Structures are given as structure tokens and as C-alpha cells.
Amino acid sequence: AVTSSPPSSLKASLILLPSTFAYLLTYFSIPFISNFLLKANMYGLDIGKRGTPTEHDKVPEALGIVPGTVWILLLCLSLPLLISTHPSLTLPLLSSLFTVLFMLFLGFTDDVLEWPWRVKLLLPAISSIPLISVYEGSTSILCPNQLTWIFWTPAGGLTNFSTAVSNFITAYPNSPTNLIDIKYFYYLYMSLLSIFTTNSINIYAGINGLEVGQSCVIAGSILTHNVWSLGKGVNVEGSWFSVALLGPFLASSLALCCYNWYPAKVFVGDTYCYFSGVIFAVVGIHGHFSKTLLLFLMPQVLNFLISIPQLFKIVPCPRHRLPRYVKETGLMTVSRREDGGMNLTLINVVLKVCGDMKEEHLTMVLLMVQVGFSGLGFAIRYGGGSSLFFN
Ligand code: UD1
Ligand code: MG
């Protein structure tokens, strides 16, 4: 436990200083590292430009390696202070460092080697092993009142049954009986969460600025939630842990965004998607707000659900599902599969609803959708939903 609470000025500087450094270091390293990546033939062709990409559209790939490395470097440097001011966070901090480092490495290997899908699913599960092996926290989940009947067993007797039924009907908040120990399933859940966050960001991609943009909106939403919790004095350790990790992450992501924004000078690569995805999983798990985290990932959940027929090969899935550039109009339009049906992505659904638009406008619209869903997430979390599902 924390022996004495450090002054808030020290706390603030523990976030602001690394974040400022993270931004500057990332911003100034990217052009330099881009040259090395190009020399090593690590580039992608910008498919959303000119219709058919040409050699002129060579864009250095896997630049997520820069914010990733910067983040790890700064966490290492601030570790002595973080641990001395918050000894109880030692284990969460060290295991997070292991897991993120591992995922960053695996993400970079994906950019170099282009793993097949089954491997892409396996990588985050492997990387979550360090996190899971040292996880000493609770394996109980706070079950929504409406769902307590799932855990009713005949052994629990009639009283237990009637409690479950009355829970379902009245949904009264803060019932202590709703804390349910799911034991080993919690470890499975942590692994699945890492697989979901990393891959769901990676498949909601293909237009300039989207991968890093959505990550910034998600990080901003989580940070807002954490700062609110800190202000209210609830889940202080968890929130503080999350802020310490997400501050430098958001700062370095914003620096990357400057280069990845339309027209992209660099691509973030799978390296960045896995890096950002695993950070969200890590802060959600060790910060004890993994259900709230999912509220901020609603567009990713939606995109995943829409994608299922293609992901499971029920309908054909081309190598790239990103929208198609129309040379004549200069706009992006819904992309189609070989059998004529449209590629099943949220990006295409938005294009279908709003009509064709320029790539940069499409990114803006999708990020507004992300912000809108975050607003809905906050409404659910703090509004009526807090007593219904998040008691
Ligand atoms: C995922 C998507 C794929 C999408 C791709 C785009 C699924 C199952 N997979 O694959 O449909 O096309 O991401 O990132 O949904 N690119 C651009 N403009 C951008 C970003 C990327 O043209 O703004 C192209 C570049 O050629 C770049 C390549 O996409 O080299 C990167 O693709 P990669 O991240 O390797 O694809 P996946 O993650 O496998
Ligand atoms: Mg990718």
C-alpha cells in the first residue's frame, strides 16, 4: 500500500514531463528513422492515392516503432520515481512493460514478415503471458444485476434464486452479492481482451490517419474517465496507473499523427496497432476498468461484428478491404469484393450512408463517429447505465 501520498505537483510533473518528452522525441525522430526504414525496403504503397499506387507513393512503414520505443524508454526512466511514490504499482508497471515490449516486438515482426491471420491472433495471446503470470489482483468481476441469475445454482437454494430474480427486476445498485469470482476464466478473459484490442484496431484501418487517430480518441476518452475518477477519489491507484501510462502514449501518438495525417508521409504499420491495442488492454486490466474500456471501443466492436463474414471466410476476403479511390472524382468510394458484394467494414458503411468523400474528410468523419461513441460511452457509464450495468 502507499505509505504517504506524494504532493500533486510531483504527480503532475510525473505525467507532464515524460509526455512532453515523448511528443518531442517522437516528432523529431520520425523523419530520421523513416530514412532507415526506406533503406531497409520497409515501405508501403499508398493505395488510396491516384487509383493505382506507383513507386512515387512509397511511404515508409512501421513507424509505430518510434512512439513504441519512446514510450518504453520514458517509462523506464520514470520507473524509479513512479515506484518510489507508488510502491503498490511495482508489479503492474513491470508486467505492463514486459507485455508492451513483447507486443511491440511481435508487431514489428508482423510488419517485416507479414504473418498469416492465425498468427496475428496468437501474437497478442503470447504477449499477454507476462501480464497474466504476475497478475495478483482480483479475479472477481462485478456482475450486472440483470445477469446474476446466470450464476444461480440449485445449491444456492431458493433464497439465492429469488435474489437473482429480484436483481433482474429491480436492478438496485451496489449489491455486494454481485462480486463473482470467475477464477481461471479471468485469465482467459485478459488474454482475449488483448487479442481483441490489438486486432480490432488493426482491421479498422486503411485510410491516412485512422489507426493513430482512433487510438488518440480512445486514449483521450480513457484519460478523461481516469481524471474524473481521481477527482472523485474512486479507484485512485488504478486511475493513476492508467494516467501514467497513457499520458506519454497519447503525446507520442499525437506526434506520429502529424506525419500519418493526410497526405501520409509515413505509415504506422501493424507495429503501432498492436502497441496501442495492448496498452489499452494493459491499462484496462491493471487499472480495473476493462468494462468501461469496451465502452470506448464501440466503433471497433461494431467494425469487428460487421467484418465477421469476411474474417471467417464465409464470403471472400481480399488482402485489402480499404475503400476505393475514384480517379475521376478524387473521392473515396465503397470497395467491392470479387463477387460484387461490398467489403464489410464500418468505413464502407459510413461511405454508403454519407456518400463518397475525400480521404481526409473520411478520416475526420470516422474520428467524429469515434468521439460520438465515446460520448455515448460516457452517457452509459455515468448516466442511467451506471446503475444498470456498471454498479
Ligand atoms: C488490415 C485490414 C485490411 C486493410 C489494411 C490497411 C482486415 C482483415 N485487414 O490488414 O483490409 O486494407 O489493414 O491498413 O480488415 N495503407 C494505405 N493507406 C493507409 C494505411 C495503409 O494505403 O492510410 C496500405 C499500405 O499499402 C500499407 C498497408 O495498407 O502498406 C498496410 O497494411 P497492413 O497493416 O499490413 O494490413 P493488415 O493489417 O494485414
Ligand atoms: Mg495493419
Side-chain angles (χ1 to χ4, degrees), residues 34 37-38 41-65 103-104 106-121 123-124 195-215 256-257 259-278 299-300 302-325 332 334-338 342-349 358-364 366-367:
S34 295
L37 289 166
L38 278 177
N41 277 332
M42 290 207 47
Y43 61 84
L45 299 178
D46 204 337
I47 303 170
K49 309 283 182 301
R50 299 175 212 247
T52 42
T54 68
E55 285 295 291
H56 301 292
D57 302 314
K58 266 189 192 177
V59 179
E61 180 85 85
L63 263 297
I65 195 72
M103 199 63 234
L104 189 69
L106 294 174
F108 195 68
T109 63
D110 191 7
D111 277 323
V112 177
L113 307 173
E114 294 248 345
W115 294 115
W117 270 99
R118 53 185 184 281
V119 181
K120 279 182 196 266
L121 290 181
L123 302 183
I195 296 175
F196 178 75
T197 52
T198 48
N199 282 294
S200 67
I201 290 174
N202 190 29
I203 64 169
Y204 190 35
I207 57 167
N208 293 178
L210 185 58
E211 287 117 312
V212 62
Q214 63 184 299
S215 301
L256 176 61
C257 198
Y259 296 92
N260 184 238
W261 197 255
Y262 181 94
K265 290 181 204 69
V266 308
F267 284 147
V268 302
D270 295 341
T271 311
Y272 179 78
C273 299
Y274 293 164
F275 165 60
S276 76
V278 82
Q300 285 67 26
L302 212 58
N303 183 54
F304 169 71
L305 294 176
I306 295 171
S307 302
I308 284 179
Q310 282 194 301
L311 297 180
F312 291 98
K313 301 272 157 62
I314 299 165
V315 299
C317 184
R319 168 69 183 84
H320 284 291
R321 306 193 298 154
L322 55 93
R324 188 169 61 84
Y325 174 84
M332 301 298 271
V334 169
S335 61
R336 306 211 159 263
R337 315 185 296 257
E338 59 208 44
M342 76 172 203
N343 281 314
L344 303 169
T345 63
L346 184 58
I347 310 180
N348 275 344
V349 170
K358 280 187 171 174
E359 188 177 357
E360 55 196 315
H361 294 158
L362 183 55
T363 308
M364 281 307 292
L366 293 171
L367 293 185

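All figures in this text were calculated on a predicted structure; none of them were measured in a lab. Just so you know, ligand 1 is whichever comes first in the structure, and atom 1 is the first atom listed for that ligand.
Enclosure of atom CE in Met342 by more than 12 non-hydrogen atoms of other residues, nucleotides or ligands within 6.0 angstrom is indicated.
Residue Trp117 touches ligand 1 through its side chain alone, judged by heavy-atom distances below 4.0 Å. Using a 4.0 Å cut-off between heavy atoms, Ile47 contacts ligand 1 through both its backbone and its side chain. Residue contacts with ligand 1, taken as heavy atom pairs separated by less than 4.0 Å, involve Ile207 solely via the backbone atoms N, CA, C and O. Contact annotation for Tyr43 and ligand 1: no heavy atom of the residue comes within less than 4.0 Å of the ligand.
Within ligand 1, the atoms closer than 4.0 Å to a non-hydrogen atom of Ala205 are 14 (O), numbered from 1 in the order shown. In summary, the atoms of ligand 1 found under 4.0 Å from a heavy atom of Lys120, numbered by their order in the structure, are 38 (O), 39 (O). Shown in contact with Ile203 at under 4.0 Å from a heavy atom are these atoms of ligand 1, numbered in order with element: 7 (C), 8 (C), 15 (O). Heavy-atom proximity to Gly206, at under 4.0 Å, picks out these atoms of ligand 1: 6 (C), 14 (O), 17 (C), 18 (N), 19 (C), 20 (C), 23 (O). Numbered from 1 in the order shown, with element, the atoms of ligand 1 that lie under 4.0 Å from a heavy atom of Leu45 read 22 (O), 25 (C), 26 (O). Each of the atoms 18 (N), 19 (C), 23 (O) of ligand 1 lies under 4.0 Å from some heavy atom of Asn208.
Arg319 counts as a contact of ligand 1, since one of its heavy atoms falls under 4.0 Å from the ligand. Under a 4.0 angstrom heavy-atom cut-off, Gln310 registers as lying outside contact with ligand 1.
Near the Mg ion (ligand 2), less than 2.8 Å away, sit the protein N, O or S atoms Asn202 OD1, Asp270 OD1.
Side chains of Val112 and Met42 form a contact here, defined as non-hydrogen atoms less than 4.5 Å apart.
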